[in-house]
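In what follows, a structure is listed as structure tokens, so that the remarks can point back to it.
Hydrogens, waters and symmetry mates play no part in the numbers below; they use all other heavy atoms, side chains included. Note that this is a predicted model, so its numbers are computed, not measured.
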Amino acid sequence: LIRFHLNPSHHHLVVISVITAFVFSDTGSNINFTFPGLNYKWTGNTSSNWNTASNWAAVDYTGNVSVPGPGAVITIPKDCSNYPVLPGNLDLTITVDATSYGSITIEAASADPSSSPGTLDLAGYTLKVLTLTNNGLVKLNGIPDQIDGVISNGTAANSSVEYYGSGNLAPGDLAWGTNYKNLIINKPVEFDTDISLTASSITGSGPLTVTDAASLSLNCASVTIEGN
């Protein structure tokens, strides 16, 4: 879909909106192009910066690529030298002709003890995505509405979500919700309302505080929270 505006003073057409392409390939250095449904894979060859083009590769063809834009289908694989950290709020969603695009899948580590899981670090920024499937590790500070989209713990037994950073983690900051495979909390926790958490394991550095007015219910096989 391309929208044009005729500039009467210069007698030429000016593109005034994003170009959405279905038959183009992304060969890099594109501006205001989106490629809905195009597959990208994180490589981390250069750094952990999401917005660095050399950290990305195309799955469907060989060539240079730009940073994935709205509508991209993204895989973050295991065993990378660097894993992506969001440098700002990110919206990967786009809807074209009533079809929505924009998803992320994070791979699990292999059985090799030296293998590292695919990892996505949201830091303190928000992510809007159609689907986010986590077979590896998602890290985040934990803020209200930090993730907008359908989230899944995937099929891997070691799928993990880690909350970290400064400030207390409150019930409203649990952006992944209350259902986990492995929950890691490496920041202070203060629950002041009733909450129930489900996970195979819960670990962290704490401390964990539950106020007198609240209750905490844990449905899990293992809980280890250090701290006072």
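- Cluster annotation: V73 and V138 are assigned to distinct hydrophobic clusters (Ile/Leu/Val/Met/Phe/Trp/Tyr, side-chain heavy-atom contacts under 4.5 Å, transitive).
- Cluster membership check: Y180 shares its hydrophobic cluster with L216, using side-chain heavy-atom separations under 4.5 Å among Ile, Leu, Val, Met, Phe, Trp and Tyr.
- Here the straight-line distance linking atom CD1 of I74 with atom NZ of K41 works out to 13.0 Å at 0.5 Å rounding.
- Following chains of ILVMFWY side-chain contacts shorter than 4.5 Å, one can reach V67 starting from I104, so the two form part of one hydrophobic cluster.
- Within the model, atoms OG1 of T43 and CD1 of I76 stand 11.5 Å from one another, a figure rounded to the nearest 0.5 Å.
- Cluster membership for V85 and L137, using ILVMFWY side-chain heavy atoms within less than 4.5 angstrom, is not shared.
- With rounding to the nearest 0.5 Å, the separation of CD1 in I195 from OG1 in T193 is 6.5 Å.
- In this structure, CD1 on I106 lies 5.0 Å from CG on L132, to the nearest 0.5 angstrom.
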Point to revise | Evaluation steps, side-chain contact (heavy atoms from CB on, under 4.5 Å), between V161 and L140 | key: CA-CA 8 Å; V161 175; L140 64 167; 3.7 Å; yes
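- When all heavy atoms are compared, the tightest approach of G165 to P188 is O-CD, 4.3 Å.
- L174 is connected to I147 through a chain of hydrophobic side-chain contacts under 4.5 Å among Ile, Leu, Val, Met, Phe, Trp and Tyr, so both are in one cluster.
- The environment of CG in D145 is sparse: at most 12 heavy-atom neighbours from other residues, nucleotides or ligands sit within 6.0 Å.
- Side-chain atoms of N135 and S159 form no donor-acceptor pair, as typed in the model, at a separation below 3.5 Å.
- A pairwise comparison of heavy atoms in K78 and E107 identifies N-OE1, 3.4 Å as the closest pair.
- Taking every heavy atom of both residues into account, T46 and S54 meet most closely at OG1-OG, 2.6 Å.
- Here the closest heavy-atom approach between residue S48 and residue N82 is recorded as N-CB, 4.0 Å.
- How far OG of S205 is from NZ of K187: 10.5 Å, rounded to the nearest 0.5 Å.
- Residue F191 holds its CZ atom at 9.0 Å from CG of D173, rounded to the nearest 0.5 Å.
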Without placing hydrogens or testing angles, list every side-chain donor-acceptor pair under 3.5 Å for residues 122-130, not counting sequence neighbours.
from: T126; atom 1: OG1; to: N89; atom 2: OD1; distance (Å): 3.1

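- Side-chain atoms of N55 and S47 include a donor-acceptor pair closer than 3.5 Å.
- The local environment of CG in N158 is sparse, with at most 12 non-hydrogen atoms from other residues, nucleotides or ligands closer than 6.0 Å.
- In this structure, W42 and W56 have perpendicular ring planes: the angle between them is above 60°, well past the 30° mark.
- Residues satisfying the side chain to side chain donor-acceptor pair (under 3.5 Å) criterion with T95, sequence neighbours excluded, are S100.
- For the 3.5 Å distance criterion, the side chains of D112 and S114 qualify, holding a donor opposite an acceptor.
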Exercise for review: Just do the side-chain contact (heavy atoms from CB on, under 4.5 Å) check on T178 and T198 with the steps written out, would you?
Suggested key: CA-CA 6 Å; T178 58; T198 299; over 6 Å; no
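- Across all non-hydrogen atoms, the minimal contact from N182 to S201 is OD1-OG, 2.8 Å.
- Across all non-hydrogen atoms, the minimal contact from G136 to P117 is CA-CB, 3.9 Å.
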